[in-house]
Amino acid sequence: MNDINVTAYGSTDYVGRSAFHLSDRDHNILLDCGIQLVPKQFSIAPKGVDSIASTLDAVLLSHAHIDHSGYMPSLSRNGYRGNYYMTHPTKEIAYRLWLDHLKIEGQRHWGESDLDRVFHKIRTLNYDKTFKLADGITARFLNAGHVLGAAQILIDWEGRLILYTGDINDRITPMFDGYDVPEEDIDILLIESTNGDRYVPERSKINVGLRLIAKQLTAENHKMILPSFAVGRSQETLITLALDDDLNDVPIYMDGMINVMNMITEHFLSEKWVSKRFLAQLKDAGLNSPFEKSNFIPVHSISERTHAARRYIARNTEGSIIVTTSGMLEGGPVHTYLELCGDREENVVGFTGYQVDGTLGRSIYDGERDITLDNGRGRKKNIVLKSKVMKFPYSGHSSVDGLKHMMQATNAKDIILIHGDKRNQEYILNYVKDIAQPRLIKEGVETKLLSA
Ligand SMILES: [Zn+2]
Ligand SMILES: [Zn+2]
């Protein structure tokens, strides 16, 4: 049998620009092709992908997040003419994120015509269905429990089973009941390692806190601003608020790309893509969609003049919740809300996601209150943030127990840690040492898979 090799073009001992090339003498397959977002700078492409694009037999995408999908359209520019395999929700979400990327960064990595070519070559698949990639090689998507449509990718390479987890979550979240584990034993496991030494509380505990604060604040006619990632976290936060009847009369404003993602989510509310438990909860609440409640208000529905609508929301005397982009405060409508009502001590800014070093979100999270805002039209403004800052420790990634469980349950012989920072990976290596000896690989170096 041929040796199988893996080459990582990014996301080895850090998070960003995931792109993993599996190859043997006759075949080349690419798993994910992301870009790394860097605060205040242009994004970074995975180095080395351009030169292999034309040799690829198949390209698979685990989920839409830009650190997994953002560089994919460049493959067509560099000579790849084959198919792109992903789930249907991932296609819908990725397309919106790709268009958004073009708006933000322009044609630095790829252009509109590349995107068109990719779009026509996308093949969408459901979870748990085996499909052919090349002679002797098949693949299957498994639910990852991470965001809508997110998949782990299981590859049968001439009888050897390789599981690439993409991003996985073991926790019960509003829409999912954690990742699935394949029934068969796995030979090689490429596993994310985002959370190592970070404690991830149960969602239900964080949700209790979020709902309590939301009720208290709004009862006193104050405002809670929740900067949220458009894909995933904002829907989860909104669902948590929607399923609490005590908040039925509290206006919940939704601003930014969140509204588009809500519509995509609504489209896929079926057993195929979300958990039965969640669908039953919706049914019990008499809802077809969590976002259809009359107190859930897309900001653009108030007025075509968005700034006027935001001013109205920020300055009126009602208690309300504002769920808005961007999640790390690197731009977006959240800046307008901070400018208009961040000077009031009674209001709360609540973080619902991880804040990367170098972002405005991170500096506020760490205690900075003299901040510079950007109104999106190039005008900067310095303010002193007086609103209270609260931290809700949500994570879209598996706890360290969940990672250990995956290693144990799959019985993998060769385990490679990817997509996590060094400190977390060291912690994980120590934490699992009684059941498994994972290894790390070097970026850009072709590495032989051990059981192959
Ligand atoms: Zn992700
Ligand atoms: Zn990721």
Side-chain angles (χ1 to χ4, degrees), residues 8-20 30-39 43-46 49 60-72 86-87 89-98 100-101 141-153 163-171 173-176 178-180 189-196 198 200 228-237 257 261 264-265 273 325-328 352-357 359 394-399 402-403 406 416-422 424-425 428 443:
Y9 298 111
S11 275
T12 46
D13 54 1
Y14 62 95
V15 176
R17 55 183 208 264
S18 284
F20 299 93
L30 189 68
L31 308 176
D32 289 349
C33 196
I35 48 168
Q36 185 175 12
L37 299 179
V38 188
S43 61
I44 305 174
V49 170
L60 295 91
L61 177 58
S62 65
H63 67 292
H65 278 152
I66 210 83
D67 61 317
H68 296 257
S69 70
Y71 199 60
M72 205 157 264
M86 62 193 73
T87 65
T90 293
K91 176 186 175 183
E92 298 299 325
I93 301 168
Y95 188 63
R96 296 319 200 285
L97 295 184
W98 284 329
D100 198 50
H101 174 80
F141 288 134
L142 285 91
N143 161 45
H146 174 61
V147 292
L148 184 68
Q152 309 172 69
I153 303 171
L163 181 66
Y164 167 66
T165 63
D167 291 354
I168 44 171
N169 198 348
D170 62 326
R171 299 293 201 220
T173 60
M175 290 195 286
F176 313 108
Y179 61 63
D180 287 354
L189 177 65
L190 295 160
I191 184 169
E192 70 123 312
S193 53
T194 320
N195 288 328
R198 206 176 312 137
V200 187
S228 297
F229 308 138
V231 180
R233 192 59 36 78
S234 49
Q235 287 75 41
E236 293 172 356
T237 310
M257 213 193 347
M261 292 304 154
I264 296 177
T265 305
W273 304 111
T325 51
S326 79
M328 298 194 201
T352 61
Y354 185 70
Q355 304 295 310
V356 167
D357 279 339
T359 59
Y394 289 104
S395 174
H397 297 272
S398 203
S399 67
L403 298 176
M406 180 61 97
I416 297 170
L417 293 187
I418 48 170
H419 194 291
D421 67 41
K422 275 198 183 91
N424 289 338
Q425 290 173 336
I428 293 165
E443 186 169 323

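One-based numbering, in listed order, for ligands and for the atoms of each. The residues of the chain are indexed from 1 along the displayed sequence.
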Between Y394 (side chain only) and E236 (backbone N and O only), is there a donor and an acceptor less than 3.5 Å apart?
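No, because the side chain of Y394 does not come within donor-acceptor range (under 3.5 Å) of the backbone of E236.
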
Is any protein N, O or S atom closer than 2.8 Å to the Zn ion (ligand 1), and if so, which?
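Checking every protein N, O and S atom gives H63 NE2, H65 ND1, H146 NE2, D167 OD2.
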
Would you kindly say whether S193 and N424 are connected by a side-chain donor-acceptor distance under 3.5 Å?
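The criterion, which ignores hydrogens and geometry beyond distance, is not satisfied for N424 and S193.
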
Side chains of S18 and S11, donor plus acceptor under 3.5 Å
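Checked: S18/S11 side chains pair up, N/O donor to acceptor below 3.5 Å.
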
Side-chain heavy atoms of [X] within contact of [Y], under 4.5 Å:
| X | Y | result |
| --- | --- | --- |
| H146 | E192 | no |
| S69 | M86 | no |
| Y14 | E443 | yes |

